[in-house]
Amino acid sequence: MADKQPIGIFDSGYGGLTVFRSIARLLPDYDFIYLGDNARAPYGNRSFNTIHQYTLEGVQILFDVGCPLVILACNTASAKALRTIQQRDLPNIDATKRVLGVIRPTAEVIGNFSGSKEIGVLGTRGTVQSGSYLMEINHFFPDVKVYQQACPLWVPLIENAEYDQPGADYFVKKYLDQVLAQSAKIDTLLLACTHYPLLKAKIEAYLPNHIRVVPQGDIVGASLVEYLNRHPEMAARLSKGGLQRFFTTSDDTMDFDHHASLFYGEPVLSEFIAIK
Ligand code: DGL
């Protein structure tokens with residue numbers, strides 16, 4: 001096995017591509033392997049144990065192809081599986097490898113986006129139920145009030161390419177009404193699911209101008225740049241050549257390529273990889 005290897009990026013399906021897009025723009029020299037577990041997406045409504053098992057299997061695939069560093073570009077997986085993987089699984093698999101998530105880097109800066117210090121967090125049921133954002137944002141910004149809203153129908157709408165259709169409007173408005181009913185002072189809505197940037201235009205259309213919608217891609221990308229600066233020993237293990245490979249657990253790679261290009265903003269050519 002070559003001594004330098006790509007960075008792995010994992011999501012339940014397509015959503016992580018909105019994060020990968022920012023990461024690849026900020027770190028264009030590095031090599032990357034993206035893995036979407038499309039055969040089993042969405043994860044959002046699944047149990048803790050199932051999300052942990054599926055995420056660990058995805059991480060293992062990326063480890064098996066050589067990646068020393070894996071980013072969980074999925075809030076649900078970060079909320080429900082990351083800590084167990086870091087603390088319990090990694091020491092048994094390979095203590096020199098690293099798995100990072102998207103919640104902590106987002107929580108570290110999101111308080112700076114809000115003038116009123118009241119933030120709405122929109123995510124899957126799993127992310128909201130975990131309470132991870134409440135805890136993490138409170139840790140970094142004790143003066144910020146956080147209101148959460150689960151939006152369980154948004155990922156299915158997006159995964160099925162219905163996000164820009166008129167039928168999506170009902171569910172966009174429904175969850176926005178629910179989060180904004182929690183406080184009139186919310187001035188920032190965090191898209192705490194990597195799928196949601198595809199709904200950003202529709203979401204903004206239902207909001208007053210003073211409410212800002214914040215996707216995570218650039219935040220997570222900037223945080224990874226910083227991580228590699230702080231960890232030159234990890235940066236030294238990563239290959240550079242600007243190569244990108246896309247794996248999906250769905251056997252319909254043409255369907256993946258079609259959808260994925262909408263999330264990634266560029267043509268995508270994927271390869272099927274089976275879950276063991
Ligand atoms: N993209 C994932 C996230 O950021 C969720 C998608 C799913 O429900 O599988 O939470």
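Heavy atoms only: backbone and side chains are in, while hydrogens, waters and symmetry mates are out. FYI, the numbering just counts along the sequence from 1. We count ligands from 1, going down the list as the structure has it; atoms in each ligand are counted the same way.
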**Study point:** Evaluation steps, side-chain hydrogen bond (donor to acceptor under 3.5 Å, both in side chains), between D187 and S116
**Key:** CA-CA 6 Å; D187 70 351; S116 66; 3.3 Å; yes
**Asked** Among V214, T188, I186, which residue meets the side chain to side chain contact (heavy atoms under 4.5 Å, CB included) test with I119?
**Response**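 In the set V214, T188, I186, the residue that makes a side chain to side chain contact (heavy atoms under 4.5 Å, CB included) with I119 is T188.
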(Q) I need the single residue from D11, T124, I51 that forms a side chain to side chain contact (heavy atoms under 4.5 Å, CB included) with C74. Which is it? (A)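 It is D11, the one option of D11, T124, I51 that forms the side chain to side chain contact (heavy atoms under 4.5 Å, CB included) with C74.
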Nearest non-hydrogen protein atom, atom 5 (C) of ligand 1: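 For atom 5 (C) of ligand 1, the nearest protein heavy atom is T76 OG1, 3.5 Å.
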- Task: Among all protein heavy atoms, pick out the one at the shortest distance from atom 3 (C) of ligand 1; state its residue, atom name and that distance to 0.1 Å.
- Result: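 Checked against all protein heavy atoms, atom 3 (C) of ligand 1 sits closest to N75 N, 3.2 Å.
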Exercise. Could you go step by step and tell me if V144 and S114 meet the side chain to side chain contact (heavy atoms under 4.5 Å, CB included) rule?
Worked result: CA-CA 9 Å; V144 167; S114 172; 5.8 Å; no
Q. Just distances here: any N/O of C74 and N/O of ligand 1 closer than 3.5 Å?
A.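 Between C74 and ligand 1 (N or O atoms, distance only) the closest approach is not under 3.5 Å.
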> Should T124 be counted as touching ligand 1, given the test is an N or O pair under 3.5 Å?
Replying inline: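 There is no such contact.
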Determine the interplanar angle of the [X] and [Y] rings, folded into 0 to 90°, and report it as parallel if under 30°, tilted if 30 to 60°, perpendicular if over 60°.
X    : Y    : result
H259 : Y14  : parallel
H52  : F48  : parallel
W154 : Y196 : perpendicular

Numbering the atoms of ligand 1 from 1, which are under 4.0 Å from a heavy atom of G44?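 Selected atoms, number and element: 7 (C), 8 (O), 9 (O).
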- Query: Which ligand 1 atoms does Y43 reach within 4.0 Å, using its non-hydrogen atoms?
  - Reply: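 Every atom of ligand 1 under 4.0 Å from some heavy atom of Y43: 7 (C), 8 (O), 9 (O).
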Side chain, backbone, both or neither: the part of [X] lying under 4.0 Å from ligand 1 by heavy atom:
X    : answer
D11  : side chain
S12  : side chain
T194 : both

With respect to atom 1 (N) of ligand 1, which of E159, Q216, H195 exhibits the smallest heavy-atom separation?
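Considering heavy atoms of E159, Q216, H195, the nearest to atom 1 (N) of ligand 1 sits in H195.
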